[in-house]
Each structure stands twice: as structure tokens, then as C-alpha cells.
Amino acid sequence: MKKLWNKVTRRLLFVALILAGAAVAIQSSIVSKQVTTELVYVTSDNLPPFSLVEGKLVQRKVVKSEVPEDAIRDLNELEGKPLVTTEIGIPKGIPVSKSMLIPAKDSKYGESLELKDGAMFVGVRTDQVKSAGDMIKPGTVADAYVYIKGADRQPSKLITPADDPLLKGLLIKDRQNQNGYEPQREGTGNQNPIPAIAVVETNNPAVAAALIHYQEEGEIYFTPTGVNIENEVNAAQSPDEVYLLPSGTESPDQ
């Protein structure tokens, strides 16, 4: 018996006990993940590709084995940005992870995906002078003043928000340079850091019509009056030409 119980057999037994303990721990972890639940956010319905997820996520207890590492456990993790599903979409009841979502502006439909309740975007020609030195950052609320140059015996004319209330409280959704990109500072690789278009959002067709008309008659100057980070709005652009006013997008499988 002593011959069997030697240094080698003791070492082998010790290794065997360690391996057995590890196996039990692994098995216990697997079982735990299959029965232990975690509170995460899942989809309340089937979400087609490029669907806004705002208001479509609900909390549910899900077994840990089904919870992805980057699962959304707190809506604050979404940082208040308008997010949409990728081109794959998300089935109902699936735990939502950050990798399943992208900012609406980065999708192939862009910020038009955010439009709802009759809202639309309108582009208004601008520059650093007419946009208060590029103070019209996204989320800025501004009033618009229209300068119409005189001709022949017609004197020049200035139309203010007091003259036309449709020019008041316009929400600047975005601004772009002449290449269609967001203006950036010099040296950042952008070809043109000067704004050329102010994108205004509105859900009032009369506002859009007014800005279109005034833009063709004269020049529109923006005077920032405050900031509105939420999507509450006003907007516009032109006759005798065709203007495209994005008013939403339809999901590819609708």
C-alpha cells in the first residue's frame, strides 16, 4: 500500500481534485446562467431595419446566458440620441445591445428617420454673415429676417418676425457646407468649413411655404434667440423650382 501511496500518486490525486473542483465550478456557472435572470431592455415589438427605437424598448428579466455583454440595462446609456436599428432589424422580445443600434444620422436614410407627426426639413441658403457667424448650431432656435433688395422705383424691404409670425422660433436642425457636410474648423480635413445651408425643421407647412417664398424673393438672415435640444420646431424654401422636402422614410420591408 505504501508503494502505491507515494509522491507521484499524491501529486496525481491533488491534480485530479483541482480538475474536479474546476469542473464543478464551471458546471455550476453554466447552470447559474441558465436559471439566474437579469433585468435588461428588450424590444416590445418586431422592429424592421432602420426603425427608431425610442418608446419601443421595455424591461424584462432574461436568463443571463441570453444577455449579450453590451446589453442595455439603463436607457441613460443611449445618451438621448435618436437611435435606429441596423439593416438587420430586431425581432420582438430580443435583448437589445448597443451594437444592434446606430445613430439615425449615420444610417443610409439620415436624420429623415427622425421625422414624425408631419414634420419636414427645409434647406435655407446661408453664410457666416447671415447665420450670425455660424452661431446656428443644431438645436439653436432662431428668428428669421428677410431682406428684399429694391429694384427700379421699388425701395428695399425688410420683413421681420413682427411682420410675419411664421418667421419666429425656427428650430435649426443642422447646417451644412456647400459640399453637403457639417462645417468644421480648418485643418480637420473638411474641404469647406463655412456653412452654406441651414436645415430648418418644422411641422407647419405654412412656415415651409413662407421660407421658400422669401428665399426666392430675397435673403434670409437668422438671429439666434435660444436653444431647444428637444425636437420641437418651425421651417422652409422655393417656387419656380422643384424643392425636395424630406417628410419621413418608409422601411425597406414595408
Inset, instruction - For the pair N46 (side chain) and K92 (backbone), establish whether a donor and an acceptor sit closer than 3.5 Å, ignoring hydrogens and angles. - result: yes

Inset, instruction - Side-chain contact test, heavy atoms from C-beta onward, threshold under 4.5 Å: evaluate it for D174 versus Q176 and give yes or no. - result: yes

Inset, instruction - Answer yes or no: is there a side-chain heavy-atom contact under 4.5 Å between Y221 and V146? - result: no

Legend entry - Atom of V40, atom of A71 and distance for their closest heavy-atom approach: CG1-CB, 4.2 Å

Legend entry - Sidechain N-carboxylate O distance under 4.0 Å for E219, K149: no

Legend entry - Nearest heavy-atom neighbours spanning P48 and T85: O-OG1, 2.8 Å

Legend entry - V58 backbone acceptor or donor facing S44 side chain under 3.5 Å: no

Legend entry - I159 vs I148 side-chain heavy atoms within contact, under 4.5 Å: yes

Legend entry - Pairwise side-chain contact, P224 with V141, heavy-atom cut-off 4.5 Å (strictly under): no

Inset, instruction - Search all heavy atoms of S131 against all heavy atoms of I136 and return the closest pair with its distance. - result: CB-CD1, 3.3 Å

Legend entry - Salt bridge present between D45 and K56 (N-O < 4.0 angstrom): no

Legend entry - Sub-4.5 Å side-chain heavy-atom contact between L57 and V96: yes

Inset, instruction - Check whether any side-chain N or O of D164 sits under 3.5 Å from a backbone N or O of P161 as a donor-acceptor pair, and report yes or no. - result: no

Legend entry - 4.5 Å side-chain heavy-atom contact, V124 and I197: no

Legend entry - Side chain to side chain, Y41 and P95, heavy atoms closer than 4.5 Å: no

Legend entry - Main-chain N/O of D134 paired to K137 side chain as donor or acceptor, under 3.5 Å: yes

Inset, instruction - Report the C-alpha separation of V53 and M100 in whole Å, then their side-chain angles, then the decisive distance to 0.1 Å, and conclude whether the side-chain contact (heavy atoms from CB on, under 4.5 Å) test is met. - result: CA-CA 11 Å; V53 299; M100 294 178 175; over 6 Å; no

Inset, instruction - Is it possible for you to say whether M135 and V227 belong to one hydrophobic cluster, with membership spreading through side-chain heavy-atom contacts below 4.5 Å? - result: no

Inset, instruction - Step by step, work out the salt bridge (charged side-chain N to carboxylate O under 4.0 Å, His left out) result for D70 and K98. - result: CA-CA 6 Å; D70 60 343; K98 295 174 187 175; over 6 Å; no

Legend entry - Worked verdict on V199 versus I172 for side-chain contact (heavy atoms from CB on, under 4.5 Å): CA-CA 6 Å; V199 180; I172 306 298; over 6 Å; no

Legend entry - Candidate pair V42 and V62, rule side-chain contact (heavy atoms from CB on, under 4.5 Å), full reasoning: CA-CA 9 Å; V42 303; V62 179; 4.1 Å; yes

Inset, instruction - Keeping the roles fixed (side chain from Q215, backbone from I220), state whether a donor-acceptor pair exists under 3.5 Å. - result: no

Legend entry - Exam field: side chain T43 to backbone P91, donor-acceptor pair closer than 3.5 Å: yes

Inset, instruction - Check whether any side-chain heavy atom of N204 lies under 4.5 Å from a side-chain heavy atom of L166, and answer yes or no. - result: yes

Inset, instruction - Measure from the side-chain N and O atoms of T223 to the backbone N and O of D143, and report whether any donor-acceptor pair falls under 3.5 Å. - result: yes

Inset, instruction - Kindly work out whether a path of hydrophobic side-chain contacts (I/L/V/M/F/W/Y, heavy atoms less than 4.5 Å apart) joins V129 to L158. - result: yes

